[in-house]
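Heads up, the thing below is written out as structure tokens.
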Amino acid sequence: MPATMQSLEKTRNIGFIAHIDAGKTTVTERVLYFTGRIRKIGGVDDGTTAMDWMAQERERGITITSAATTAEWDDYTINIIDTPGHVDFTAEVERSLRILDGGVVVFDAVAGVQPQSETVWRQADKYHVPRICFVNKMDRVGADFNRTIDSISHRLQANPVAVQIPIGQEDAFLGVIDLIEGKSWTWAEEGVDIPKEGPVPEEFIEDYMNYRSLMIEKIAETDDELLLKFLEDEEITNQEIKDALRKATIGYSIVPVFCGTALRTKGIQPLVDAICEYLPSPLDVPPVTGKAPTSDDELLRAPDPEEPFSALAFKTVSDPYIGRLVYFRVYSGTAASGSSVYNSTNRRRERLGRIVQMHAQHREDMEEVHAGQIAAAVGLKFTATGDTICTQDDPIVLETISFPEPVISVAIEPRSRADQDKLSDALVKLSDEDPTFKINYDNETGQTIMSGMGELHLEILVDRMKREFSVEGNVGQPRVAYRETVRKAARGVGRFVRQTGGHGQFGHVVLEMEPGESGSGIVIEDKISGGAIPREFIPSAQNGIREALNTGPLSGFQMIDIKVTMVDGSFHEVDSSQVAFQIAGSMAAKDAVSKARPLLLEPIMSLEVVTPGEFLGEVLGDLGRRRAAIRNIEGQGEIQVVKASIPLGESFGYASAIRSLTQGRASYNMEFDNYEAAPEGMLTV
């Protein structure tokens, strides 16, 4: 096997994903320390971690942007991405999972599966990312390993298999028992010592036998040969168990579960062993699929350095020292620093200037990149998130990355005329970095509107403008991104006739409009028959229809979930033109909307509040005042979990409200769910 292929077999591209405060960054910090990547362990609370390098991250103690690094462990190269856990920064998780081969999902041993745990799990399912679980914070009061495994099984519909069990829980947590090797690992109370290896403690022998038997049974169910041995009570070797577990993990049929406490540095070394042992290398995942730029022909690219070069850009960053930095994952082939590449998404030639390997915000120069590697480049001027870069001789367009639409908007204006250009420059650079941050100029109000995923998201971006770009802006109250739709079917006619000297303009479009399925957007069908409208004018008419539906009649918001069928029309052999049919299509759409009883829609958020039982009444009363619909209330001991739907417009300031209602003891998580009809009185928004 060539050296490069051998190194690919020992490469792991993994990400740490979890709910906020589950301990991803702390786990990552310990992994980097034990692999020798950093020499001193930092703390999230102290603002000294290697991966949370932004000032905003260190002040708030949360991860905001996904940070990449590379570590070495027992001849394995592990490319690591530490992702945010807050729902406002879910795009960082989305783009990271798109290019990773495996994931480590971190769970809080007290809380188990939390709302954002479900979100990141669904994102990993979407991109078919094999994963292992790490139950963190086993030393906390209320930690329960078995309850966490049950919640993974029930709430995530997964098949978790314990490969380790804890030696004690809460303040009695001393280490872990390896169910495959049949030995224990214990750690000293203080310091970051190498774990002490020993036999299974006497008092845990029975638990060990029961858990090991259950583990072998679950693994055997995924492997016919192993199942036969298990049923016939033949001896199954540890290596056979490991091989079958690796195969089942990569095949998404099993999720191995490990445990520890990252803050006390217990359980980290076995976790790194498990990453190397059970998560896939670039050779274990199927070849990446793409399409030819000029056709829909499907193309494959194997993770081989000898294949044509192809890579996907998954992140862009404006670096104050070296300019625009583009992160990319190489799927096939090799590219050298300074070489010419082809952006097949927008069909432009680019120069791959400096290639660097990232360690959070620090850079190390590389001469070239190979299949399976994650790197960043300086010099890609026209490449944005989701673009494919490849060789021009053998181009391919890889599947891009989809991002959720922003749901909250604020108006921003410069504090002085001198800041005008600086503000525009800052907004453009930040929107280039973050696909969920949108900017548009409202011609009617003359305001610059910026939209994002939540209050914290926009607050961080405004703070970054001030610190990184030295520009301050006046920010208005958050504005909700409402939508409009129609309630009934209607017929619309658009007839555009202009007669001047010489050629005139003539376009005539007849269409039928009806409410579409929820989440369908705008669907336009062409049922023109008998050449009533020539084929060359159909796209222009459709463009006019879409243009008209960009602005609703009630409050000027975009219209969604509408089905439009073009049924008839007429043309003039001399006077008809594309412009005339575009205007006629727009007129027909507006005519139909006016008859179809337009309706304002408001974004509804899915809310989960975790509160002590004594404050349940206050929490429910406040939600009632905010027009929230309570879906479910579950009790876990003295803790109550309230699941509700709440209009986004009623949720502003909820963080402060719930803190004061519950003496700061409750927590909540909110994410966009759907659009629903707004009350009639809101038509003046």
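When a residue number appears, it is its place in the shown sequence, counting from 1.
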Out of the candidates [options], only one should pair with [X] under the side-chain contact (heavy atoms from CB on, under 4.5 Å) rule; please name it.
{"X": "I355", "options": "E368, Q373, M366", "value": "M366"}
{"X": "Q123", "options": "V93, V129, I17", "value": "V93"}
{"X": "V509", "options": "I583, I528, I533", "value": "I533"}

Any chance [atom1] of [X] has more than 12 other-residue heavy atoms, nucleotides or ligands included, within less than 6.0 Å?
{"X": "E367", "atom1": "CD", "value": "no"}
{"X": "Q578", "atom1": "CD", "value": "no"}
{"X": "K126", "atom1": "NZ", "value": "yes"}

Hey, what do you get for [atom1] ([X]) to [atom2] ([Y]), rounding to the nearest 0.5 Å?
{"X": "Q157", "Y": "E118", "atom1": "CD", "atom2": "CD", "value": "8.5 Å"}
{"X": "L312", "Y": "L398", "atom1": "CG", "atom2": "CG", "value": "5.5 Å"}
{"X": "M450", "Y": "L458", "atom1": "CE", "atom2": "CG", "value": "5.0 Å"}
{"X": "L549", "Y": "K590", "atom1": "CG", "atom2": "NZ", "value": "10.0 Å"}
{"X": "L511", "Y": "I524", "atom1": "CG", "atom2": "CD1", "value": "9.0 Å"}
{"X": "I545", "Y": "N550", "atom1": "CD1", "atom2": "CG", "value": "12.5 Å"}

Spell out, as yes or no, whether a donor-acceptor pair under 3.5 Å connects the side chain of [X] to the backbone of [Y].
{"X": "Q357", "Y": "T70", "answer": "no"}
{"X": "E484", "Y": "G556", "answer": "yes"}
{"X": "R483", "Y": "L601", "answer": "no"}
{"X": "R301", "Y": "I396", "answer": "no"}
{"X": "S586", "Y": "Q582", "answer": "no"}
{"X": "N13", "Y": "I374", "answer": "no"}
{"X": "K422", "Y": "S470", "answer": "yes"}
{"X": "E413", "Y": "T448", "answer": "no"}
{"X": "R98", "Y": "E399", "answer": "yes"}
{"X": "T565", "Y": "E525", "answer": "no"}

Revision key, fill the gap. Taken in chain and number order and not counting sequence neighbours, the residues that satisfy salt bridge (charged side-chain N to carboxylate O under 4.0 Å, His left out) with D432 are R324

Point to revise | L300 and E307: CA distance, side-chain angles, deciding distance, side-chain contact (heavy atoms from CB on, under 4.5 Å) verdict | key: CA-CA 10 Å; L300 295 177; E307 287 252 323; over 6 Å; no

Show every donor-acceptor pair shorter than 3.5 Å between a side-chain atom in residues 278-292 and any protein atom, with sequence neighbours excluded, or say none if there are none.
from	atom 1	to	atom 2	distance (Å)
S281	OG	L283	N	3.2
S281	OG	D284	OD2	3.2
D284	OD2	R246	NH2	2.3
D284	OD2	S281	N	2.9

Would you indicate whether the side-chain heavy atoms of [Y] and [X] approach each other to under 4.5 Å?
{"X": "V486", "Y": "M559", "answer": "yes"}
{"X": "V480", "Y": "E602", "answer": "no"}
{"X": "F437", "Y": "L427", "answer": "yes"}
{"X": "Y252", "Y": "P130", "answer": "yes"}
{"X": "L352", "Y": "L380", "answer": "yes"}
{"X": "T400", "Y": "T345", "answer": "no"}
{"X": "C133", "Y": "W121", "answer": "yes"}
{"X": "T77", "Y": "K10", "answer": "no"}

Review point. Are D434 and R95 close enough for a salt bridge, meaning some N to O gap below 4.0 Å?
Key: no

Check your understanding: Is R12 salt-bridged to D101, going by a charged N under 4.0 Å from an acidic O?
Key -> no

For [X] and [Y], work out which heavy atoms get closest and say how close.
{"X": "V369", "Y": "A375", "value": "CG1-CB, 3.6 Å"}
{"X": "A71", "Y": "I80", "value": "CB-CD1, 4.4 Å"}
{"X": "D561", "Y": "G519", "value": "OD1-N, 3.0 Å"}
{"X": "P305", "Y": "L8", "value": "CD-CD1, 4.3 Å"}
{"X": "F309", "Y": "I389", "value": "CE2-O, 3.9 Å"}
{"X": "K24", "Y": "A18", "value": "CD-N, 3.2 Å"}

Check your understanding: F537: what forms a ring pair (Phe, Tyr, Trp, His ring centres under 6.0 Å) with it, not counting sequence neighbours?
Key -> F581

**Study point:** Steps toward side-chain hydrogen bond (donor to acceptor under 3.5 Å, both in side chains) verdict (S340, E350)
**Key:** CA-CA 6 Å; S340 178; E350 290 263 47; over 6 Å; no

Review point. With ring centroids as reference points, do F328 and Y331 lie under 6.0 angstrom apart?
Key: no

**Study point:** Side chains of Q558 and T551, donor plus acceptor under 3.5 Å
**Key:** no

Review point. When you look at L325 and V378, which way does the side-chain contact (heavy atoms from CB on, under 4.5 Å) test go after all the steps?
Key: CA-CA 5 Å; L325 200 61; V378 183; 3.6 Å; yes

Review point. So T385 and F403, side-chain contact (heavy atoms from CB on, under 4.5 Å) or not? Walk me through it.
Key: CA-CA 11 Å; T385 299; F403 294 102; 3.8 Å; yes

Point to revise | Criterion side-chain contact (heavy atoms from CB on, under 4.5 Å) on E459 and V410, from CA distance to verdict | key: CA-CA 10 Å; E459 180 190 320; V410 297; over 6 Å; no

